[in-house]
Amino acid sequence: MKIKRNTQYSIRDTKDSRPTWDEYFLDIANLVSKRSTCLRRRVGAVLVKDKRILATGYNGAPSRITHCSVTGCLREKLKIPSGERHELCRGLHGEQNAFLQAALHGTSLKGASLYCTTQPCIICAKMIINAGIKEIVIKRGYPDKMAREFLREAKVRVRLAK
């Protein structure tokens, strides 16, 4: 039996259409964010080392706790601006859930990269620093100047994806 070669796509076309590693992992972070139960912002995070996914996470209420989609958003009701008063939120951040998944499975994050749909807040920035994460690649910013300052001081590289 002779197999007919598909000439519709050349090897060059296939190679050129491949996403970069940043695009690939940010696309996955975006997909992960779709599981979010947050009413204000969907965030997805992917922890990567040596081009291998270590853990993922999205923002939402802890396991066995009623989701915000049922209870409503207290921060929204109180008109709290984005980037402020994180302690009033029912949910964990996507980054936090990714860290917890890694911890539950005994996976070290030292030297890893974090791909995230949004720049981490100050709470997540402190966790990132202590976890030994070396780099963060983000899709968009977040109004948290202190987080940016801490990450810069700790020499954690933050890049906005192109």
Side-chain angles (χ1 to χ4, degrees), residues 19-49 53-105 107-162:
T20 66
W21 286 109
D22 283 356
E23 291 168 337
Y24 176 72
F25 291 122
L26 281 172
D27 282 351
I28 294 170
N30 191 59
L31 179 61
V32 169
S33 77
K34 293 179 180 187
R35 292 279 306 152
S36 171
T37 60
C38 180
L39 299 174
R40 292 181 84 171
R41 171 181 290 130
R42 291 179 166 204
V43 176
V46 179
L47 290 160
V48 175
K49 188 170 184 179
I53 296 172
L54 304 175
T56 65
Y58 53 87
N59 57 329
S63 299
R64 299 180 305 281
I65 300 293
T66 307
H67 294 297
C68 301
S69 56
V70 175
T71 65
C73 178
L74 179 60
R75 291 170 42 103
E76 196 68 32
K77 289 174 190 169
L78 297 175
K79 298 182 179 12
I80 296 171
S82 185
E84 297 178 16
R85 304 289 313 271
H86 299 288
E87 74 279 6
L88 295 177
C89 181
R90 293 178 67 80
L92 290 162
H93 292 185
E95 304 93 321
Q96 294 167 345
N97 273 322
F99 304 153
L100 291 169
Q101 285 302 308
L104 281 170
H105 297 285
T107 304
S108 171
L109 301 179
K110 187 175 183 180
S113 296
L114 171 67
Y115 287 83
C116 198
T117 55
T118 303
Q119 176 205 300
C121 71
I122 185 60
I123 296 167
C124 292
K126 291 186 269 187
M127 292 178 184
I128 288 163
I129 292 164
N130 277 3
I133 293 168
K134 64 176 181 168
E135 173 186 49
I136 305 166
V137 182
I138 59 173
K139 193 171 181 179
R140 62 183 159 270
Y142 184 72
D144 195 328
K145 183 180 176 185
M146 185 181 271
R148 290 189 299 274
E149 290 170 357
F150 272 47
L151 292 166
R152 184 177 18 255
E153 183 178 342
K155 296 180 178 36
V156 176
R157 184 177 177 204
V158 179
R159 295 188 291 116
L160 184 63
K162 295 178 184 178

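Being a predicted model, the structure only gives us computed values, none of them experimental.
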Fill in: side-chain contact (heavy atoms from CB on, under 4.5 Å) evaluation trace for V158 with R152
CA-CA 8 Å; V158 179; R152 184 177 18 255; over 6 Å; no
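- In this pair, F25 and Y115 present their aromatic rings tilted. The plane angle is within the 30 to 60° band.
- In this structure, CG on L92 lies 9.5 Å from OG1 on T37, to the nearest 0.5 angstrom.
- Y58 is not listed as a side-chain neighbour of R42, based on a closest heavy-atom distance of 4.5 Å or more.
- A pairwise comparison of heavy atoms in C73 and R40 identifies SG-CD, 3.6 Å as the closest pair.
- Under the 4.5 Å side-chain criterion, counting only non-hydrogen atoms from C-beta, I28 is in contact with I53.
- Counting only heavy atoms from C-beta outward, the side chains of L151 and I128 approach each other to under 4.5 Å.
- Residue R75 holds its CZ atom at 12.0 Å from CG of L39, rounded to the nearest 0.5 Å.
- For Y142 against Q119, the heavy-atom pair with the smallest separation is CB-O, 3.4 Å.
- Using a 4.0 Å cut-off between charged nitrogen and carboxylate oxygen, E87 and R85 count as a salt-bridge pair.
- You'll find the side chain of C38 stays beyond 4.5 Å of the side chain of V43, heavy atoms only.
- Looking at every heavy atom in both residues, K139 comes nearest to L160 through O-CD1, 3.4 Å.
- Formation of a donor-acceptor pair under 3.5 Å by the E23 side chain with backbone atoms of T20 is found in this model.
- L47 places none of its side-chain heavy atoms less than 4.5 Å from the side chain of T56.
- Two residues are said to be in side-chain contact when any heavy atoms from C-beta on lie closer than 4.5 Å; P120 and I138 meet this criterion.
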Item to complete: Starting from the C-alpha separation in whole Å, work towards a yes-or-no answer on side-chain contact (heavy atoms from CB on, under 4.5 Å) for L26 and V137.
Response: CA-CA 8 Å; L26 281 172; V137 182; 3.9 Å; yes
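- Between A45 and C116, the closest heavy-atom pair is CB-SG, 4.2 Å.
- Considering OG of S113 and NZ of K134, their distance stands at 4.5 Å, rounded to 0.5 Å.
- Under the 4.5 Å side-chain criterion, counting only non-hydrogen atoms from C-beta, C121 is in contact with H86.
- Considering all non-hydrogen atoms of both residues, A55 and A102 come closest at CB-N, 3.9 Å.
- Between E95 and L114, some side-chain heavy-atom pair lies under the 4.5 Å cut-off.
- For the atom pair SG (C124) and CD (Q96), the distance works out to 4.0 Å, reported to the nearest 0.5 Å.
- Interatomic distance, CD1 of I80 versus CG of L74, reported as 6.0 Å (0.5 Å rounding).
- The distance from atom CZ of R140 to atom OG1 of T118, rounded to the nearest 0.5 Å, is 4.0 Å.
- Checked by atom type, the side-chain pair N30/T117 shows no donor-acceptor distance below 3.5 Å.
- With sequence neighbours left out, the salt bridge (Lys or Arg N to Asp or Glu O under 4.0 Å) criterion links E135 to R157, R159.
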Item to complete: Output, in order, the C-alpha distance, side-chain angles, deciding distance and verdict of side-chain contact (heavy atoms from CB on, under 4.5 Å) for K34 and V32.
Response: CA-CA 5 Å; K34 293 179 180 187; V32 169; over 6 Å; no
